[in-house]
Every structure is written in structure tokens, then in C-alpha cells.
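Okay, so here's the structure we're looking at.
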Amino acid sequence: MLLNVLGSAAGGGFPQWNCNYRLSRAVRGGEEGFRPRTQSSLAACANGRDWVLFNASPDIRSQIAATPELQPPQEGALRATPIRAVVLTNADVDHIAGLLSLRERERFVIYATQRVLEVLEQNTIFNVLDPQYVDRRPLPLEGVIPIADSDGRPTGIMVETFSVPGKIALFLEDVDRADDGFGTEDGDTVGLRIFEPDAASSAFYIPGCAAVDGSLKTRLTGAACLFFDGTVFTDDEMLDAGVGPKTGKRMGHLQISGPQGSMALLADVPVGRRVYVHINNTNPILDERSPEHRAVRANGWEVGHDGMEIRL
């Protein structure tokens, strides 16, 4: 199975269009040690032909343009795509807005929890995805499901879904329920184990996660690869940078550093490769010369980047 990191940044990308923080200035200016990044998405293929996307970022058009495997084949039909399905981990704008760019009456399937499917149904702009062509299929909150194309043919990709601590999408927050997670419910955020039938190895994709507990650590044990939420290095990073009033916890993301950060909490979990993705434009690990970047590398983590490929 081939895994391709289409986008490794959090919402807004890197640089964000209106961000003038020092990291965005540096990547915009082409400084050494900085790579531009598009918004969070992963692609997987098990048979060299059928591709499954995990989240559809607003940058999906440029991500497809940068990935020949996702483009129509040279000798294919006038309208064609090797993308058979899109699997959503939540309803965040940076994970669903790209669906609108896939509206040209092409057959594929959207897989999401019932909670996320209801968000798409209630936002009528997603009706541009003609239901005669784009099927919407529910993911279980806990369970294994084969990912099939619009005709029911298997793609060779299986996913196991499981709830992770997270938060309702920003545009759905109910400020009157701040003490109740702003209205967060089961199914708002899930993690995924991605694998092939009968294969011994698997990868976990968890681009949004607010906490790590014992059950998650047990689940991850022995994985060949883990793509994990790397949004912020410190919980109050955006406040310190002066670019926003929210902490990582307020946004539903666990910080990387500190005794209660993901780097420490997952240190004793045996995983083949561990990669931070969904990285915010204020996160200093984006500077490859920074002590924070060196720290995550010294602790066995890789900093995800667009175009990164991992073969299991």
C-alpha cells in the first residue's frame, strides 16, 4: 500500500494567505529550511490503480495537479479519475471544502460518520455533488469497513474507525454550550486505521486529536506508521505569536511538547514510523533549523510535508 501526504498543514496552509507571522514571512520569502504546505489530506492506493483520499482540503485541485497518480490517465476517457472515494475524519472546513472542487459529475463515494454526513446534508451547497454520481455512505463509529467504489467494487483499502477526543467543527459551534464542548457529539471526530485485507501492517491517520489515553495507546501499538495531529507545539502558541486568542485545547488539538504533549505521551508506544501532520502556520517545527524541529526528530518523529510517500 502506498500512502501519499497530499497536504501536511492545518487550516489556512503554510503560508496562510493573510498571515504575516515570522514563519509565514520566511516561507513566503523562500528562506532555507522552510517548505510551503497545503492543507491536510492523505491519499492511499493498494493496487496501483484505485485511490482513496482521506479528507478533501480546500487545496485539493493543486494537490491533484502535483500528484500525477491522481490525474486522468493519458489514454483514458475524456472525463476520468482514479479517485474512487473520499473518507472524512470530521467536518472541519479544511477537510470538507475540497469536495466542492470534485463537482463535475464524476463518480466517487464519500464515506463519513452519520454525524458528518448530516452536516453535508444540512449545508445545501454540497448538493452540487449530484447524488446520482456521488454516493454518501456511513462509517461506523467503531468498526471495520471495506472502501469500495461507486459500483461496489473493492479498492483494496480497509479502514477501522474509532472515536478520538476532538471538537465540533468551528462553524457549527454553539457558544451557549461552551461548558459542554460547544455542542460536540460522538462522531464529530474519528481516527482511522488504514490497511489491506490480510496484511500484517497498517497505518493510523489521526489529524485531529485533543487527548491521548490508554486505550488509544493500546490501539496504536505495533502500527507500521502513525500520522498524528501536530497542529501546535505548545498549547498557547497562537497567543504567544499574537495571531489569535485560542489555545490548542480550545481548538480541539493536543500540543506536541511538554509532559502532557503527544511527544511524551506516545513515547513508549512502539510504532514503525511516526509523522506529524496538520501543522499550524505558527508551529516552530516548520523551521527545519529550529530547536523544536530538532527535538521532534530526536524523539523519533518526522515532520510531514507535501508529497511525502510511505510504502507499507
Side-chain angles (χ1 to χ4, degrees), residues 4-43 53-67 70 89-90 92-101 169-171 205 207-209 227-257 261-262 275-297 301-309:
N4 186 314
V5 178
L6 301 180
S8 51
F14 183 60
Q16 182 174 297
W17 71 279
N18 68 336
C19 183
N20 204 28
Y21 182 58
R22 63 177 181 85
L23 299 178
S24 288
R25 290 201 308 271
V27 70
R28 196 175 283 121
E31 289 188 24
E32 182 181 356
F34 290 87
R35 307 186 197 207
R37 286 167 164 85
T38 58
Q39 295 168 87
S40 175
S41 184
L42 181 75
L53 304 188
F54 295 88
N55 293 326
S57 93
D59 299 315
I60 193 168
R61 182 180 178 279
S62 63
Q63 291 168 347
I64 292 172
T67 311
L70 299 182
T89 62
N90 61 23
D92 285 352
V93 168
D94 51 324
H95 287 160
I96 66 172
L99 292 172
L100 300 176
S101 294
L170 174 64
F171 66 94
Y205 186 52
C209 188
F227 298 96
F228 195 78
D229 186 346
T231 305
V232 292
F233 193 76
T234 59
D235 187 52
D236 54 1
E237 175 180 300
M238 290 181 62
L239 284 80
D240 290 344
V243 300
K246 294 180 180 179
T247 63
K249 181 182 293 185
R250 169 65 179 83
M251 297 186 295
H253 297 287
L254 177 67
Q255 79 272 12
I256 291 173
S257 64
S262 60
V275 183
Y276 280 124
V277 291
H278 198 274
I279 306 166
N280 195 56
N281 56 70
T282 54
N283 193 327
I285 68 172
L286 292 170
D287 179 356
E288 296 173 5
R289 301 165 298 178
S290 70
E292 293 87 356
H293 184 97
R294 291 194 296 270
V296 298
R297 295 304 306 270
W301 286 86
E302 300 174 63
V303 179
H305 58 83
D306 294 19
M308 182 182 210
E309 291 188 345

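Because the structure is predicted, anything quoted here is derived from the model rather than measured. This chain uses plain numbering: 1 for the first residue, then up along the sequence. Note that these values count all heavy atoms, side chains included, but never hydrogens, waters or copies made by symmetry.
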* Any sub-3.5 Å donor-acceptor pair from Arg297's side-chain atoms to Glu302's backbone N or O? -> no
* To do: Determine yes or no for a side-chain-to-main-chain donor-acceptor pair under 3.5 angstrom, with Gln39 supplying the side chain and Gly11 the backbone.
  => no
Rounded distance (nearest 0.5 Å) linking atom [atom1] of [X] with atom [atom2] of [Y]:
X	Y	atom1	atom2	answer
Ile60	Leu99	CD1	CG	7.0 Å
Thr282	Glu237	OG1	CD	3.5 Å
Ser262	Trp301	OG	CH2	5.5 Å
Leu6	Met308	CG	CE	13.0 Å
Phe34	Leu286	CZ	CG	8.0 Å
Arg250	Asp236	CZ	CG	15.5 Å

Which atom pair, heavy atoms only, marks the closest approach of [X] to [Y]?
X	Y	answer
Met251	Met238	CE-SD, 3.5 Å
Asn90	Asn55	N-OD1, 4.4 Å
Ser57	Gln63	OG-NE2, 3.2 Å
Ile285	Ser290	CA-OG, 4.3 Å
Gly208	Asp229	CA-OD2, 3.4 Å
Leu239	Thr247	CD1-N, 3.8 Å

Can you check whether [X] reaches [Y] side chain to side chain, under 4.5 Å on heavy atoms?
X	Y	value
Val277	Leu42	no
Ile256	Asn283	yes
Phe54	Pro207	no
Thr234	Ser257	yes
Ser24	Phe14	yes

* Structure fact -> residues 228-256 vs ring pair (Phe, Tyr, Trp, His ring centres under 6.0 Å), sequence neighbours excluded, gives His253-His278
* If we ignore angles and hydrogens, is there a donor and acceptor under 3.5 Å between the side chains of Asn280 and Thr231? -> no
* Donor-acceptor side-chain pairing of Asn281 and Gln16 below 3.5 angstrom -> yes
* **Sequence neighbours excluded - salt bridge (charged side-chain N to carboxylate O under 4.0 Å, His left out) pairs with any residue from residues 16-29** => none
* To do: Kindly assign one of parallel, tilted or perpendicular to the pair Tyr205 and Phe227, based on the angle between their ring planes and the thresholds 30° and 60°.
  => perpendicular
* **Short N-O contact, Glu288 and Arg35, less than 4.0 angstrom** => yes
* To do: Identify which one of Asp59, Asp94, Asp306 satisfies the side chain to side chain donor-acceptor pair (under 3.5 Å) criterion when paired with Thr38.
  => Asp306
